[in-house]
Amino acid sequence: MTLPLPPGPKGRAIRHFWERLHNNADFFARLQAEYGGIVYLSMPFRKLCVIFDHDLIREALVEKRASFEQGPGYKRATFLGGPTVLTADGDEHKRRRKLVQPSFHKQALQAYAEAMIEETGRLQRGWRDGQTIDLAQTTTATALNIAARTFFGADSGIDPGLVAEALKGIFWDFKLSQLPFNRYLARLPLPQNRQAQAALHALDREIDAIIDQALDGSQERSDLISHLVRAKDEGGVDRSLNRAEVRDEAYIILMAGHETTANAMAWMFYCLDQHPAVRERLEREIDEVLGGRRPNLADYDRLVYARAVFDETVRLFPPVYYVGRQAVEDCTLGDYRIPKGTALQPCLMAPLRDERFFAEAGGFKPERWLEGNDHPRLALSAFGLGVHKCVGEAFARMEAVFMLAAIVPRWRLSAVSSQPPVADSLVVYQFPRRFQMSVRARAAVAP
Ligand code: HEM
């Protein structure tokens, strides 16, 4: 007996395309409300299956992962010379994952922590009581400075502006990769193409310089690029990443890690403003642990509630709220047939906001993540599920906690407008630009 396709609207490919462009998160919510845990629909030139049900997401990402490869979006990007940890499948992914993972081990993170503490501390040094800041711009700039320092090393003196320009180029190329004939479009003499190429070439030169230093071995280096250069898997030296592979991995890690963390931190400060009892508890914890001094690495473990605040933020506002796959063969999910070539988008946000797994799922309740509390046993998190689960999770958590440790002792941020921020949700769940927060010195406002 042939299984049916998942339920879903018939035809209307162009309309679906526009609805996604307009507000993808709302579009997903409407599909889920109307059709349930799995939906099959038409998009221009392809069929799309969106999954909201936790068990079906697990089936796709874990049990039947061999039937699905990484989505075509990243694979088509022209700024990459070849596969990377995020875009590779099967054995190629396994090899890359083994080589990339040591760059995020405890010892590596310890060195990055110092850069995070310094950059988050520097961020607020120029603030004045009563000024306003663009929240997303502030967290994005901080994440960028941290990426520049941790990827290239404190001594490289790299200009974060250069990294920002390269990222702009990467995101431009990524946008083109969503269109047909993107390889030709990327070669047209458009100003954006020229800027992207110039920025990427400039960053390539910096990466080359770091690779040379890491290879000559005369210095003790603890930056991420040097970790990638020195990484060896069990196969031995000949299977290390070559120069071009190091460059591609550095770019993909930069792309995967920068926007995600910047957005998570912006949502986190917004949530704290909306929930004064949480903010006050957090202030008490940070005041007690730090007692007015500069944070250090050991404080990360002590700031238990701060970590819970971050966990709760990314539960409610997971920056990567859906992931992309493509069926490489005819297969099944639950009681449904999925034809070869179908694009698959498991929506990570749906189970994270599901009342069956999280009591008062719409509320902001960091307590649920504290030990001893009845915190959910979901396999899935905002950091994904299965072999492609985020490799930078510990990096992101550390960055967010040190950001709280830098700001919360001195400042309270409050939204200037009472209108809630509306996410731009086309690719990630992005905190809106130009959302202003006023900065008040705690000494001036705290009881
Ligand atoms: C709040 C911050 C972050 C969130 C929510 C997040 C989320 C995710 C998710 C959901 C995936 C799985 C993608 C998939 O299944 O296709 C992923 C993969 C990945 N993330 Fe993150 N991420 C964050 C921060 C970071 C950071 C800071 C880095 C590095 C500095 C990073 C590097 C990566 C890489 C390299 C992958 C690909 C792993 C693989 O395919 O094996 N991420 N991330």
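What you see below is based on every heavy atom in this structure, not just the backbone, and it leaves out hydrogens, waters and symmetry mates. In listed order, ligands and their atoms are each counted from 1. Quick note: residue numbers are just sequence positions, from 1.
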Undergrad: Does a salt bridge link Arg281 with Glu285, judged by any charged N lying under 4.0 Å from a carboxylate O?
TA: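 No, no charged N to carboxylate O under 4.0 Å.
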Undergrad: Measure the distance from atom 13 (C) of ligand 1 to every protein heavy atom, then report the residue, atom name and distance (to 0.1 Å) of the closest one.
TA: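 Heavy-atom neighbour on the protein nearest atom 13 (C) of ligand 1: Val323 CG1, 3.8 Å.
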Undergrad: Against heavy atoms of Ala382, which atoms of ligand 1 measure under 4.0 Å?
TA: 5 (C), 7 (C), 10 (C)
Undergrad: What protein heavy atom sits nearest atom 1 (C) of ligand 1, and how far off is it?
TA: Ala264 CB, 3.7 Å
Undergrad: Would you mind running through ligand 1 and noting each atom that sits below 4.0 Å from a heavy atom of His93?
TA: 39 (C), 40 (O), 41 (O)
Undergrad: Report the part of Gln70 (side chain from C-beta onward, or backbone N, CA, C, O) that has a heavy atom under 4.0 Å from ligand 1; answer both or neither where that applies.
TA: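 The answer is the side chain of Gln70.
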Undergrad: On the six-membered ring of Phe358, is Arg368 placed so that its NZ or CZ lies under 6.0 angstrom from the centre and within 45° of the ring axis?
TA: no
Undergrad: Quick check: do Tyr270 and Pro432 have side-chain heavy atoms less than 4.5 Å from each other?
TA: no
Undergrad: Which ligand 1 atoms are under 4.0 Å away from a heavy-atom of Phe104?
TA: 29 (C), 30 (C)
Undergrad: Heavy-atom contacts with Val85 under 4.0 Å: which atoms of ligand 1 show up? List them by number with element.
TA: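 Selected atoms, number and element: 35 (C), 39 (C), 40 (O), 41 (O).
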Undergrad: Taking it one step at a time, do Tyr321 and Asn24 satisfy side-chain contact (heavy atoms from CB on, under 4.5 Å)?
TA: CA-CA 11 Å; Tyr321 75 109; Asn24 193 44; 2.9 Å; yes
Undergrad: Return yes when Pro319 approaches ligand 1 closer than 4.0 angstrom through a heavy atom, no otherwise.
TA: yes
Undergrad: Is the shortest distance from a Lys or Arg side-chain nitrogen in Glu114 or Arg294 to a carboxylate oxygen in the other one below 4.0 Å?
TA: yes
Undergrad: Any idea which protein heavy atom is nearest atom 40 (O) of ligand 1, and the distance to it?
TA: His388 ND1, 2.5 Å
Undergrad: Do Asn145 and Leu123 make a side-chain contact, defined as non-hydrogen atoms from C-beta onward lying under 4.5 Å apart?
TA: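 Not touching, per the 4.5 Å side-chain cut-off.
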Undergrad: Flag the pair Glu63 and Arg58 as a salt bridge only when some basic side-chain nitrogen lies within less than 4.0 angstrom of an acidic carboxylate oxygen.
TA: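 The answer is yes: the pair qualifies as a salt bridge.
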Undergrad: With Arg356, which residues qualify under salt bridge (Lys or Arg N to Asp or Glu O under 4.0 Å), at least two apart?
TA: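 Residues passing salt bridge (Lys or Arg N to Asp or Glu O under 4.0 Å) with Arg356: Asp354.
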Undergrad: Is it the side chain (CB and beyond), the backbone, both or neither of Arg97 that lies under 4.0 Å from ligand 1, heavy atoms counted?
TA: side chain
Undergrad: Should the pair Arg122-Glu118 be classified as a salt bridge under the 4.0 Å nitrogen-to-oxygen rule?
TA: no
Undergrad: Check whether the side chains of Asp173 and Thr78 place a donor and an acceptor atom closer than 3.5 Å, and report yes or no.
TA: yes
Undergrad: Taking atom 21 (Fe) of ligand 1 as the center, what protein N, O or S atoms are found at less than 2.8 Å?
TA: Cys390 SG
Undergrad: Please report which non-hydrogen protein atom sits nearest to atom 27 (C) of ligand 1, along with the residue it belongs to and the distance in Å to one decimal place.
TA: Thr261 OG1, 3.4 Å
Undergrad: Would you say Gln70 and Thr87 are linked by a side-chain donor-acceptor pair, where the criterion is simply a distance under 3.5 Å?
TA: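 No donor-acceptor contact under 3.5 Å links the two side chains.
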Undergrad: Does ligand 1 have any atom that is closer than 4.0 Å to a heavy atom of Glu399?
TA: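 No, that is not the case, since the closest heavy atom of the residue is not under 4.0 Å from the ligand.
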Undergrad: For residues Ile211 and Leu228, determine if any side-chain heavy atom of one lies less than 4.5 Å from a side-chain heavy atom of the other.
TA: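 A side-chain contact is absent here, since even the closest heavy-atom pair is not under 4.5 Å.
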Undergrad: Return yes when Val387 approaches ligand 1 closer than 4.0 angstrom through a heavy atom, no otherwise.
TA: yes
Undergrad: Among all protein non-hydrogen atoms, which one is nearest to atom 37 (C) of ligand 1, and what is the separation to 0.1 Å?
TA: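 For atom 37 (C) of ligand 1, the nearest protein heavy atom comes out as Leu86 CD1, 3.4 Å.
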Undergrad: Could you tell me, atom by atom, which parts of ligand 1 come under 4.0 Å of a heavy atom of Phe395?
TA: 27 (C)
Undergrad: Contact between ligand 1 and Leu348 is defined here as a heavy atom of the residue under 4.0 Å from a ligand atom; is it met?
TA: yes
Undergrad: Should Arg302 and Asp299 count as an ion pair when the cut-off is N to O under 4.0 Å?
TA: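 Salt bridge between Arg302 and Asp299, a charged N being under 4.0 Å from a carboxylate O: yes.
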Undergrad: Determine whether Thr142 and Glu399 make a side-chain contact, defined as any pair of heavy atoms from C-beta on separated by less than 4.5 Å.
TA: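 Not touching, per the 4.5 Å side-chain cut-off.
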Undergrad: Any nitrogen or oxygen of Arg325 lying under 3.5 Å from a nitrogen or oxygen in ligand 1? Just yes or no.
TA: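 N/O-N/O distance under 3.5 Å: yes.
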Undergrad: Should the pair Asp330-Arg337 be classified as a salt bridge under the 4.0 Å nitrogen-to-oxygen rule?
TA: no
Undergrad: Starting from atom 29 (C) of ligand 1, which protein heavy atom do you reach first, and at what distance in Å?
TA: Ile253 CG2, 3.5 Å
